[in-house]
Amino acid sequence: MSVHPMISMLAPELVLIVAASLLLIVGHSRRAFVLDSLPALTLIALGVALWLAIGRPGGGIRSTHSLQIDALVYYARWITLCVGVLIVLVNRHVPAARERGEYFALMLFSLAGISLVAVADDMILLFLALELVSVPTYVLIGLSRTDVRAQEATGKYFFLGAFAAAFMLYGFSFLYGIGGTTTLFGSSAAERSLAQLLVDQPALRSDPLTMVGLMLVLAGIAFKLAAVPLHYYVADVYHGAASPVAGMLGFVPKFAGILALVRVASVIDWQWTPATFWLLWAMAVATMFVGNTLALMQTNAKRMLAYSSVAHSGYMLVALLAGPGLASTAIDAPTRNGVTAALFYMAIYGLMNLGAFAALAYIRSPESDEPVDDLEDLAGASQRHPAACLALAVCVLSLMGIPPMAGFLGKLYVFSAAIAAADSTPHPAAMIWLVVIGVGNSAIAAAYYLRIIATCYLRPALGPGVATRCDALRAGLAICAIGVVGFFAFPNVLSREAGRAGQVCAAARSERTIGQTAARRTTARESPAASALPRE
Amino acid sequence: MTGDVTQLAVWILLAPLMGSILIGMIGLRGLRDRAHWLAILGVAAALVAAVMLFNDLRAIPNAERAAAFEKSHVVYDWFRADAPTGGRGWFPVEFRIDSLTSVMLLTVLSVSLLVIVYSVGYMRDHHGQGERGYERFFAFLALFVFSMCALVLAGNFLLLYLGWELVGLCSYLLIGFYYQKPSAAAAAKKAFLVNRVGDFGFGLGILLIYWRCGDLSYTYVFSDAGRAALDGYETIVALLLFCGAVGKSAQLPLHVWLPDAMEGPTPVSALIHAATMVTAGVYMVARCGAIFTASPTAMAVVAIIGGATALFAATIALTQFDMKRILAYSTISQLGYMFLGLGVHAPASAIFHLFTHAYFKALLFLGAGSVMHAMAGEIDIRRFGGLARGLKITAATFWIGGLALAGFPLFSGFWSKDEIIHAALNHAPILGGLALLTALLTAFYTFRMIFLAFHGPQRLPPGVEHAHESVAWMTVPLLLLSIGAIGAGGVAMASGDFNIHAWLGPVVAPHGEWSGAESHAGGEDLTLMIVSGALSIVGTIAAWYVYRRRPAIATVVPILLPGPHQLLYQKYYVDELYDALIVSPLRRLGRFCFGMDRYVINTLLWLITAVPRSIGFMLKETMQVGAIQGYAMGMAVGVLLIVWVVLAGS
Amino acid sequence: MPYAVPFMMLGAVLFGIGLVGFLTRRNLIIMFLCTEVMFQGVLLNLIAMGLRHGNLQGQGFGLFVLVVAAVEAGLGLAIVVLLYRRRGTLDAESWRTMRG
Amino acid sequence: MGFLAQHILSVIIFFPIAAAIGLLLMPASDPRAIRRNAFLASLATLVFAIVATVYYVDQQRGPQGFHGLALAERCQWISDPLPYNLGGDRPAKLQVQYYVALDGISLPLLLLTALLTPLAIWSSFESIRERVREYYALLLLLHGAMLGVFCARDLLLFYVFFEFTLIPLYLIIGIWGGSQRRRAADMFFLYTLAGSVLTFAAVLYLGWQAFANVRDPADGARVLTFELERLYQLAAEGHLTPSVQSILFLALFAGFAIKVPLFPFHTWLPLAHTEAPTAGSAILAGVLLKLGTYGFLRLSLPMLPVASVTFAPWIAVLAIIGILYGALAAWVQTDIKKLVAYSSVSHLGFCLLGMFSLKMSGLTGSLLYMVNHGLSTGALFLLVGMIYDRYHTREMAELGGLARRMPVFAFFLIFFTLSSIGLPGLNGFIGEFLVLLGAFTSHSTAGGTPPGPLGVWYAVPAALGIVLGAIYMLHLCRAVLFGPLREPRGSQGHAADAHGTTLPADLTLRETALLAPLAACCLWLGVAPKPLFNVMQPPVQSQVLARMRPAMTATLAGNRPASPRVTDADPKSIRTRAVQANPSARTEGR
C-alpha cells in the first residue's frame with residue numbers, strides 16, 4: 001500500500017490531529033461511558049502516534065515539501081508523545097465530563113504542534129506550528145478551573161501571547177525579506193533557502209534586516225521559553241491555571257520554543273555575531289538570575305515553580321549558546337554538544353516539572369480541600385501523603401540538580417557543554433563565567449526548592465490528609481518520579497537519542513560551513529564561518 | 001641475655017598493668033575491699049623482676065657495660081613517620097635498659113609498693129570499710145606504676161613521651177580522686193594543663209630532634225652520629241626538652257600545680273607528687289645528658305632554674321600552715337636541688353638525691369597522712385599540736401624523715417644534698433651559696449612543722465577525741481621507709497656495683513661529658529660537710545627556738561613584716577599573676593572568637609544571601625505588578641532594547 | 001525594488017501604532033484590536049518583501065497570517081466576553097489580582 | 001563467593017540503600033522490627049566491609065605490598081550515544097563510568113564509616129520515637145552514600161555520592177533535631193551546596209581537559225572521562241597551566257573547605273552539630289567532615305599539584321587559625337555539644353595542616369587523624385546524647401558531678417577525652433604527632449624527598465592547639481563529671497524521658513556496648529597501628545606524593561614548572577585539522 005510521502009512523513013501528527021477532531025465530536029455525547037473513555041481514547045491516540053513514530057530517520061529523506069524529517073524530529077516526537085501520555089494522565093481528573101472532549105482535543109493539538117515545529121522547514125509552517133502549540137493552551141487554562149484566577153490567567157496569557165506572536169511574525173517577515181524565500185533549509189543546495197543564502201552571501205549575516213528579523217523571532221521564541229525579558233506572564237499564568245495544566249505549560253511551549261530556537265539557530269549556522277552572542281549571553285544570565293531571585297521571594301508553591309521554570313530556561317539557553325560544536329570535533333555526546341544537552345535537559349525538565357505540579361495537584365490543603373496552592377498548604381504533608389511527598393521531593397531535588405536525580409545529569413550536560421564550547425566560541429572566558437554563574441544560580445535555587453521540601457518534611461502536620469482521588473494522576477506522578485531517578489541511573493536511553501538529534505545540527509553545520517568553504521575557496525576567506533573559528 | 005632482660009622489662013610493665021586492668025574489670029563488683037591485693041601483687045611482681053633485672057645487669061662485665069647499656073631492646077614496631085626508604089623507618093616500642101633505668105626502677109617500685117601497702121590502711125574509714133572508689137584508687141595506682149616504669153624503660157623519645165603523658169594522666173586522675181570536691185577537680189585540671197604547657201616545649205623538642213636526626217631512638221640520638229646531626233641545635237633542643245622537665249618536676253615558673261596537687265589522697269602525694277613522678281624531669285635531663293652537656297647555655301639554665309626554685313620554694317614553705325603544702329614546697333625545693341646538680345655537671349649526685357629523696361619524702365608524706373587520718377582529715381598545723389604523745393610511731397618516723405630532709409648529718413639527705421652543694425660550689429659558687437641558704441631554710445621549715453604538729457601541748461581539732469595511732473598497714477610502711485630515709489645514703493659509700501656513682505658512671509658519663517665534678521664522689525669535702533651539717537642543726541635549733549621556746553616571735557614577725565610575709569604566704573602571687581596574664585586574656589579571646597562567629601562571620605554570610613533576596617524583592621515589587629500592560633511594556637522595552645543593541649552592534 | 005520601502009515603512013508604522021495602542025489603551029477590546037493592527041503591519045511588511053523579491057511566498061504567508069489573526073480574534077473575543085461577565089468591566093487594570 | 005568477591009564494593013554501597021528502600025516498605029506500626037532490621041542491615045554492611053578488607057589484604061599481598069587499587073569494578077554509566085564517529089581525525093568517546101575500587105587511603109575511612117553507622121543506628125533506639133521508619137531509612141541512605149564517596153574512582157561518581165549525602169542528613173537534622181533544627185538544616189544544606197556547586201564546575205572543567213588532552217591507551221581515542229587516573233595525568237603531563245590549576249584548586253577548595261570545615265567557613269558546623277540528633281552529630285562529625293579532607297587528599301593534591309604547593313601555606317595558615325580559634329571558642333561554650341562541635345573545627349585544622357605539609361608523615365598523620373577524629377568525636381557525640389537522653393539538657397551549668405551517678409559514663413567520657421587530646425597510647429596521639437611532625441619537617445629534604453611548603457613556624461603555633469585542646473576538653477570533664485552532684489531539677493538520677501521510658505542512672509548495657517568497640521579501636525590504633533600503616537603509606541606515596549613530586553621539586557628550584565607543552569591533542573590543533581579534513585567530514589556527516 002502506497003501512501004503519499006507526506007502522509008507517511010507526518011503520520012504521527014496526523015493521528016493526533018485526527019484523534020483530536022474525533023474527540024471534539026465524541027465529546028458532545030451525553031453518554032457517561034463515552035465521556036469516561038475519552039482520556040483512554042486520548043492515550044490510545046498518543047500510543048498509536050508513538051508506534052508510528054518509532055523508527056530511524058530514513059537515509060534519503062531530509063527535506064521535502066517544506067518538511068524535514070531528521071533525528072531531531074524523531075526525538076521531538078518521542079519526547080512529546082511520551083511526556084504527552086504523562087500530561088494526559090495527570091490531567092485526567094481536571095476537566096468536567098462535558099468538557100472532556102474539548103480539553104483533551106486541545107491537548108492533542110498542542111502536542112501535535114510541538115512535533116510540527118520540529119518538522120517545519122518553512123517559516124510559515126514554523127509559525128503556524130508555534131501558534132498551534134500556544135492557542136490551545138490559552139483555552140486549556142480557562143477550562144482547567146472555574147476560578148477567577150484561571151480567567152485572569154487566560155486573559156493575560158492570551159493577550160501577551162498575541163502580543164509576542166506579533167513580534168515573532170514581524171521577525172519572520174524580515175527573514176523572508178532578506179532572501180525572498182520562506183524555506184529554511186531546503187532539500188538540496190540547489191534549492192533556494194535561507195540557510196543556503198546565508199552561506200552563499202555571508203555579508204547578509206550582518207545585514208540589519210537579518211539581525212532585526214532574527215532578534216524579533218528570538219524574542220517570540222523567548223516568550224515560549226519564558227526567558228527574560230518576556231517572562232513576565234509566567235507566574236500569573238501558572239498560578240491561575242490548575243496545577244496539571246501548569247505542569248503541562250512548563251513543557252509544551254518550552255519544548256516548542258527550544259526546537260524552534262534550534263532550527264532558527266541552525267539557519268544561521270550557530271554563527272553569532274559578537275552583539276548577538278553577548279545578547280544571548282546576557283539573556284541567559286538574566287533569565288537564570290531573574291527566575292531564581294523571584295522564585296526566592298515566593299510563598300506560593302505554583303508561583304515558585306513558575307519562576308523556577310524561568311530559571312530553567314536560562315540553563316537551557318546556556319546550552320544553546322554553547323551550540324552543537326563542529327561535527328568533527330564534537331563527539332555526539334551531550335556533554336560536548338549544547339543542543340543535545342538542551343534537548344536532554346528539556347526532556348528531564350518536562351518530567352520533573354510535571355511531577356512536581358502533579359504532586360501539587362494530588363495533595364490537597366487540609367483547610368480548603370483545594371489542591372495545594374500556597375506553600376503553607378504543604379505543611380507536614382509528608383506524614384499525610386508519604387508517597388506523594390516522596391515523589392515531590394524527588395522531583396524537586398531533581399529540579400535542584402542534586403544527584404541521584406536526572407536533573408543533576410541535565411545540569412552536568414548543560415554546563416559541561418558550555419565548558420567544552422569555551423574553546424570554540426570567540427569568548428572562552430564568557431562561557432566559563434556563564435558556567436560559574438549557572439552553578440551559582442543553582443545554589444540560589446536550592447534555597448527555595450529546599451523550602452518546599454522543608455515544608456513537607458520538617459513541619460508538623462496540620463490536619464487529616466486529603467488527596468485528589470485519581471488513579472491516573474497517581475500513576476502519572478509515580479512515573480515522573482521513577483523516571484527522574486531512572487534516567488539518572490540509565491541516562492543512555494535518553495542521551496543517545498538526544499545525541500542523535502544534536503548531531504544533526506552539528507553535522508548540518510559542518511556540512512554547510514566546511515563543505516561550502518571547500519567548494520568556494522574564494523569566498524571562504526571572508527566567510528564569517530571561517531573567521532568565527534578562533535584564531536589559530 | 002638481651003632477650004632475658006627484655007622479657008624482664010616487659011614483665012615489669014605488664015604486671016602492674018594487668019593488676020590495674022583486672023581491678024578495673026572485676027573490681028567494681030567482685031573485689032571492692034580486696035582490690036588492693038591485685039595491685040600489691042602486680043607491683044611486687046614488678047619489683048621482683050626489677051631486682052632480677054638489676055642482677056642481670058650487674059652480671060655484665062665492666063668492659064662490656066657501656067656497649068650493653070647502649071643497646072636498644074625492641075619489642076615491636078609501633079608506627080612510623082615515613083615509608084621506609086632505607087632503614088627500619090618504624091618507631092619501635094623499645095627499651096633502654098641500663099644502670100640508670102635499674103636505679104629508677106628500684107626506687108619507683110620499692111616506694112610504690114610501700115605506698116600501696118600503706119594505702120590499704122589509709123583508704124579506709126573507721127570501720128575498716130574501703131572508701132568510695134577504693135578499687136578505683138588501686139587501679140589508678142597500679143596504672144601509675146606501669147606508666148612510670150614505661151617512662152623509665154623507654155628506649156626512645158616517643159615512648160618517653162608516652163610514659164611522660166601517662167604519668168601525667170594518672171596524676172590527673174588521682175589528684176581528682178575526690179572529684180566531688182571542687183578544689184580537687186580544679187587542682188587535677190590545673191596539674192594536667194600546666195604539665196601540658198611544659199609538654200608543648202617537650203613535644204617541640206622531640207620534633208626538632210626528629211627533624212635533625214631522622215630518628216628518635218636514644219641509641220641513635222645519643223650516638224656520635226646523632227650528636228653530630230644535632231650540632232648547632234643542642235641549646236634549643238635541650239631547652240625545649242627542659243620545658244617538659246620544668247612542667248613535670250614543678251620548677252619555676254611552672255611549679256604552681258604541685259602544691260594544689262595535694263588535694264589528692266595523701267598516698268598519692270607521697271608516691272606521685274613527691275617520690276617518683278615529679279622526678280621524671282630529673283631523670284629525663286640525666287638521660288639526655290648527651291644533649292644537655294653539649295650546650296653550656298642549657299646547662300646554665302638548668303642550674304639556675306634549679307637553684308632559684310630551690311630557694312624560692314623553701315621561702316614559701318616557711319609561711320605555710322598546711323602540712324602537705326609545706327611538704328609540697330619542700331619537694332619543689334628538693335627537685336630544684338636535683339636540677340642544680342644536673343646543671344653543675346653532677347648527674348649521678350642528682351640521681352642520688354632523687355633516690356634518697358624518694359624515701360624520706362614519701363615517709364614524710366605518709367606520716368602527714370597518718371596525722372591526717374588521726375585528725376579526721378585536718379591538716380592545718382595551727383589546729384593541732386603535741387601529737388607525739390598519741391602518735392608515737394608516726395612522730396618518730398616523721399622525725400627521721402624530717403632529719404633526712406633537713407640534711408642532718410648521717411641521714412640520707414645529708415649525703416646526697418651535700419654532693420650537689422659541693423658540685424655547685426665548685427662550678428658556680430653563687431648557686432652553691434644559694435643552695436646552702438636553702439639548706440638552712442629547709443631545716444627551719446621542716447622543724448617548724450614538726451614542732452608545731454608534734455610537740456608542745458596537745459591540741460586536737462574539734463570532733464577528734466583522741467589521737468589514735470594508725471593501723472599496722474600504715475605504720476609498717478612508715479617504719480620500712482624510715483630505714484630507707486636513714487640508710488639510703490649508704491649507696492654513696494658502698495663499693496662496687498652498689499656504689500651509685502660507680503654504677504651510674506657508664507651511663508651518665510659515657511662520653512666523659514659530665515666534667516670532673518663527680519670525682520669527689522668517694523671523698524667528700526670535709527669542710528663543706530661540716531658547714532652544711534652545721535647549717536641544718538642551726539636551722540633546727542632556730543625552729544625550736546622560735547616555735548617552742550619563744551612562740552611570740554612566730555606571731556610577731558608577720559606583724560612586723562607584713563609585706564614580705566604576705567608575699568610568701570600568698571606564694572608570690574604567681575597563681576594570680578598567671579590568671580591575670582594568661583588565663584583571663586585567653587578566655588576573653590575565646591569569647592571574642594565565639595562572638596566573631598556569631599556576629600561577624602554569620603553577618604557576612606547573611607549579607608551574601610541578602611543579595612539575591614533583595615534583587616528578588618526589587619524585581620517582584622517593580623516588575624511583577626500584575627497588570628497586562630505593565631508586562632507588555634516590559635516585554636516591548638526588552639525587545640526594542642534587544643533590537644537596538646543588535647543594530648547598534650552590527 | 002526601492003518601491004518596496006514605503007510599504008515597509010507603512011507596515012512599521014502600523015506595527016508601531018498597534019504596539020503603542022496596546023500599551024496605552026485600557027479597554028480590552030481595543031487592546032485586542034491593537035494586536036490586530038500589529039498583525040496587519042506585519043502583513044503589509046510581508047507583502048512589501050514579496051514585492052521586493054518578486055515572488056508570491058510573502059503573500060501566501062500573509063494569507064496564513066490573516067487566518068491566524070482570525071483565529072485569534074475568535075478566541076480573543078470569547079475570552080473578552082468571559083472576562084467581562086466576571087467583572088462587568090472591560091478595564092484591563094481590573095485584572096491584577098495575581099502579582100508578585 | 002564468586003559474585004561477592006567480584007562485586008563486594010557495589011554490595012557495600014548499595015546494600016544499605018536497598019535496605020533503606022526495604023525499610024520504607026515495611027509497615028510503620030512496628031518500630032521494633034524497623035529498628036532491628038535497620039541495625040541488622042548496617043551490621044551486615046560492616047560484615048561486608050570486613051570481607052572487603054580481607055579480600056583487599058588478600059589481593060594486595062605480594063612483593064609490592066599494599067600499593068595499588070583492588071576490588072575494582074567498573075561499568076559504563078553514561079556512554080557514547082552513537083556508535084559511529086563523524087570526525088575526521090580520531091575516534092572519540094564518552095566514558096563516564098561507575099568505577100569503584102579500594103586502596104589504602106579509602107580502606108580505613110570505609111571501615112570507619114562501616115563501623116560508625118551501626119553504632120549510630122543502635123544509639124538511636126531509645127531517643128528516636130517519631131517517624132522511626134523514615135529515620136532509619138535516611139540513616140541507611142546516608143550510609144550508602146558515604147561508603148560510595150570513599151570507593152569512587154571516578155570524579156563524577158565521587159561528586160554524585162558527595163552531594164547525595166546532603167539530603168539524608170538535611171532531613172535527619174531538620175526532622176529530628178533540636179529547637180533550631182530548621183535553621184541549622186538549611187544552613188548546613190545551603191552552605192555546603194553553595195561550595196560544592198563550584199566544585200562541580202571544576203569537575204566539569206577537568207573532564208573537558210581530559211577529553212582534550214588524554215588518549216585512551218587502547219585505541220588512541222580521545223575520551224571524555226572523569227576517571228581519576230586520567231585526570232591525574234593532566235597535571236602530570238603539563239596540560240594544566242599553573243593559573244588554571246589555581247582556579248581549579250579554588251573551585252575544589254570551595255566545596256571541600258566548607259565541608260571540612262576550614263576557618264572561616266565553619267559557622268554552619270556548630271549549629272548543625274548542636275541541633276542534629278545524636279546519631280546525626282556522630283555521623284556528621286565522624287564521617288561527613290572527612291569527605292572534605294578526603295576530597296583534598298584524593299583530588300586537590302594529586303590532580304592540581306602546582307596549585308596545591310602554591311596554596312599550601314595559605315591553607316596551613318587558615319588551618320592553624322582554625323586550630324586555635326576553634327579551641328578557644330570551644331572553651332567558652334556552655335553547651336556541651338557545642339563545645340564538642342567547636343573541637344571538631346580545631347581538630348580538622350590539624351588534619352589539613354598535616355595534609356598540606358606534603359610529607360609522608362604529615363599525610364599519614366592526616367589520614368590517621370581523620371579516622372581518629374571519627375572514632376573519638378563520634379563517641380563524644382554519642383556520650384553527649386546519652387546525657388541528653390537522661391537529663392534533657394546539655395548546659396554545663398545544669399550538670400555536675402555526674403561521675404558519682406554514672407561511673408561507667410565517666411570512664412568513657414574521660415577515655416574519649418584523652419583520645420581526643422592526644423594521650424599517647426591512644427589513637428589521637430599518633431595522628432597529632434605525625435601531623436605536627438609533618439608540618440615541622442615539611443621543609444626538610446631528608447630521605448631525598450622534595451621540600452614541602454610548610455616548616456617549623458607552622459608547627460609551633462599548631463602545637464599550641466594541643467595545650468588548648470587539653471584545656472577545653474578537661475574543662476568539659478570537670479564541669480560535667482566532677483564537683484558536687486548537680487542535676488537539672490525534676491530529674492533524680494533516672495529521668496523519665498518524654499516518652500515515659502526510664503533510663504537507669506548509669507549507662508545501659510546497650511550504651512556500653514556502643515562505646516566499647518569505639519574504645520577498643522582507639523586503643524588498638526594507639527598501641528599497635530602497624531597494620532594500618534602498612535596499608536596506608538604505600539598508596540599515600542604512590543597515589544599522592546609521587547604525583548606531587550615534580551611540582552614540589554619545581555618549587556624547590558625556585559622557578560615555575562615548565563610551561564605546558566602543546567601536544568597534538570590540544571583542542572586548537574584539533575580544530576585546525578578538522579577544517580583541513582573537511583572532505584571526509586562532508587561524506588561522513590550524515
Side-chain angles (χ1 to χ4, degrees), chain B residues 24 28 76-83 85-86 90 93 132-133 136 150 158-159 161-166 168-169 172-173 176 179-182 184-186 188-189 192-193 196-197 199-200 203-204 206-208 210-211 214 586-587 589-594 596-598 601-602 604-605 609, chain D residues 190-191 264 266-267 270 325-326 328-333 342 359-361 364 401 403-404 407 414 418 423-425 429-430 433-434 436-438 440-441 444 446-449 456 459-460 463-464 466-468 470-471 474-475 477-478 481-485 527-530 533 537-538 540-541:
Chain B
L28 282 178
Y76 70 97
D77 291 336
W78 191 13
F79 67 100
R80 72 182 163 199
D82 294 302
T85 43
W90 291 94
V93 169
R132 193 184 168 80
R136 181 160 54 95
L158 270 184
L159 222 54
Y161 189 77
L162 176 130
W164 196 262
E165 290 284 303
L166 279 181
L169 165 69
Y172 168 76
L173 293 171
Y179 56 82
Q180 293 198 299
K181 264 167 67 185
K189 195 174 100 181
F192 200 97
L193 294 183
R196 265 276 154 128
V197 173
D199 295 349
F200 167 69
L204 285 181
I206 294 177
L207 292 179
L208 196 55
Y210 183 82
W211 179 37
L586 266 186
R587 201 144 167 95
L589 193 60
R591 288 216 187 80
F592 168 78
C593 289
F594 185 45
M596 176 135 153
D597 262 20
R598 284 160 95 181
I601 297 181
N602 279 350
L604 276 177
L605 289 178
T609 59
Chain D
L190 294 176
Y191 204 169
H266 64 278
T267 46
Y325 185 99
L328 286 171
W331 188 23
V332 296
Q333 298 307 317
Y342 269 107
K359 282 280 154 180
M360 171 58 90
S361 46
T364 320
R404 166 148 242 165
I414 292 180
L418 294 172
L423 184 86
F429 166 72
I430 298 178
F433 178 78
L434 287 178
L436 290 175
L437 192 66
F440 199 96
T441 60
S444 90
T449 56
V456 175
V460 173
L464 269 180
I466 296 181
V467 181
L468 293 177
I471 290 182
L474 293 185
H475 173 70
C477 285
R478 151 121 177 70
L481 296 181
F482 303 152
L485 186 63
V527 173
K530 184 173 180 178
F533 275 75
Q537 287 193 329
V540 166
Q541 177 64 40

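Letters go in sequence order (proteins before strands), and every chain restarts at 1.
Taking chain D as the reference chain and counting heavy-atom pairs below 4.5 Å, the highest number among Leu158(B), Asp199(B), Val93(B) is found for Leu158(B). Each of Ala528(D), Ala403(D), Ala459(D), Pro270(D) has some count of heavy-atom pairs under 4.5 Å with chain B, and the biggest count is that of Ala403(D). If you tally non-hydrogen atom pairs under 4.5 Å between each of Thr267(D), Val456(D), Ile471(D), Val460(D) and chain B, the highest count goes to Thr267(D). Contact count versus chain D (heavy atoms, under 4.5 Å) is highest, among Ile206(B), Leu586(B), Val197(B), for Leu586(B). By number of non-hydrogen pairs under 4.5 angstrom with chain D, the leading residue of Trp211(B), Phe79(B), Phe192(B) is Phe79(B). In terms of non-hydrogen atom pairs under 4.5 Å with chain B, the most contact-rich of Gly425(D), Pro529(D), Gly401(D) is Pro529(D). Your options are Leu485(D), Leu481(D), Thr441(D), Thr364(D), and the one with the most heavy-atom pairs under 4.5 Å with chain B is Thr441(D). When each of Gln180(B), Arg598(B), Arg136(B), Arg591(B) is checked for heavy-atom pairs under 4.5 Å with chain D, Gln180(B) comes out on top. The residue among Phe429(D), Tyr342(D), Trp331(D) with the most heavy atom pairs within less than 4.5 Å of chain B is Trp331(D).
Between Tyr172(B) and Cys477(D), some side-chain heavy-atom pair lies under the 4.5 Å cut-off. Looking only at side-chain heavy atoms (C-beta outward), Leu328(D) and Phe594(B) stay at 4.5 Å or farther from each other. Contact annotation: the side chain of Leu423(D) approaches that of Leu166(B) to within less than 4.5 Å [non-hydrogen atoms, C-beta and beyond].
If you measure heavy-atom distances from Phe433(D) to chain B, the contacts under 4.5 Å come from both the backbone and the side chain. Contact of Ala186(B) with chain D is made through backbone and side chain together, with heavy-atom distances under 4.5 Å. With a 4.5 Å cut-off on non-hydrogen atoms, His266(D) touches chain B through its side chain but not through its backbone. Looking at Leu208(B), both its backbone and its side chain come within 4.5 Å of chain D, counting heavy atoms on both sides. Proximity to chain D involves both the backbone and the side chain of Leu207(B), based on heavy atoms less than 4.5 angstrom apart. Only the side chain of Leu434(D) comes within less than 4.5 Å of a heavy atom in chain B; its backbone stays farther off. Residue contact with chain B, scored on non-hydrogen atoms closer than 4.5 Å, is absent for Val540(D). No part of Leu159(B) comes within reach of chain D, as not one of its non-hydrogen atoms sits under 4.5 angstrom from that chain. Only the side chain of Leu418(D) comes within less than 4.5 Å of a heavy atom of chain B; its backbone N, CA, C and O stay farther away. With a 4.5 angstrom heavy-atom cutoff, Phe592(B) does not touch chain D via any of its atoms. For a residue to count as touching a neighbouring chain, one of its non-hydrogen atoms must lie under 4.5 Å from one of that chain's; by this rule Ser444(D) touches chain B with backbone and side chain alike. With a 4.5 angstrom heavy-atom cutoff, Leu468(D) touches chain B only via side-chain atoms.
In plain terms, the two heavy atoms of Pro182(B) and Arg478(D) that are nearest each other are O-NH2, 3.8 Å. Looking at every heavy atom in both residues, Ile601(B) comes nearest to Pro264(D) through CG2-O, 3.7 Å. Across all their heavy atoms, Arg587(B) and Val332(D) have their closest contact at O-CG1, 3.6 Å. Pairing each heavy atom of Gly483(D) with each of Ala185(B), the nearest pair is N-CB, 4.3 Å. When every heavy atom of Gln537(D) is checked against every heavy atom of Ala81(B), the shortest pair comes out as NE2-O, 3.4 Å.
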| task | Please report the C-alpha distance between Ile430(D) and Trp78(B) in whole Å, then the side-chain angles of each, then the deciding distance to 0.1 Å, and finally whether the side chain to side chain contact (heavy atoms under 4.5 Å, CB included) criterion is met. | result | CA-CA 10 Å; Ile430(D) 298 178; Trp78(B) 191 13; 3.7 Å; yes

| task | Go through the steps for Asp597(B) and Tyr325(D) under the test side chain to side chain contact (heavy atoms under 4.5 Å, CB included), then give the verdict. | result | CA-CA 10 Å; Asp597(B) 262 20; Tyr325(D) 185 99; 2.6 Å; yes

| request: Just do the side chain to side chain contact (heavy atoms under 4.5 Å, CB included) check on Met360(D) and Arg80(B) with the steps written out, would you? | output: CA-CA 10 Å; Met360(D) 171 58 90; Arg80(B) 72 182 163 199; over 6 Å; no

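Interatomic distance, CD1 of Ile414(D) versus CG of Leu173(B), reported as 6.0 Å (0.5 Å rounding). Taking CG of Leu464(D) as the reference point, atom CZ of Phe200(B) lies at 4.0 Å (rounded to 0.5 Å).
Between Phe440(D) and Tyr210(B), the distance from one ring center to the other does not fall under 6.0 angstrom.
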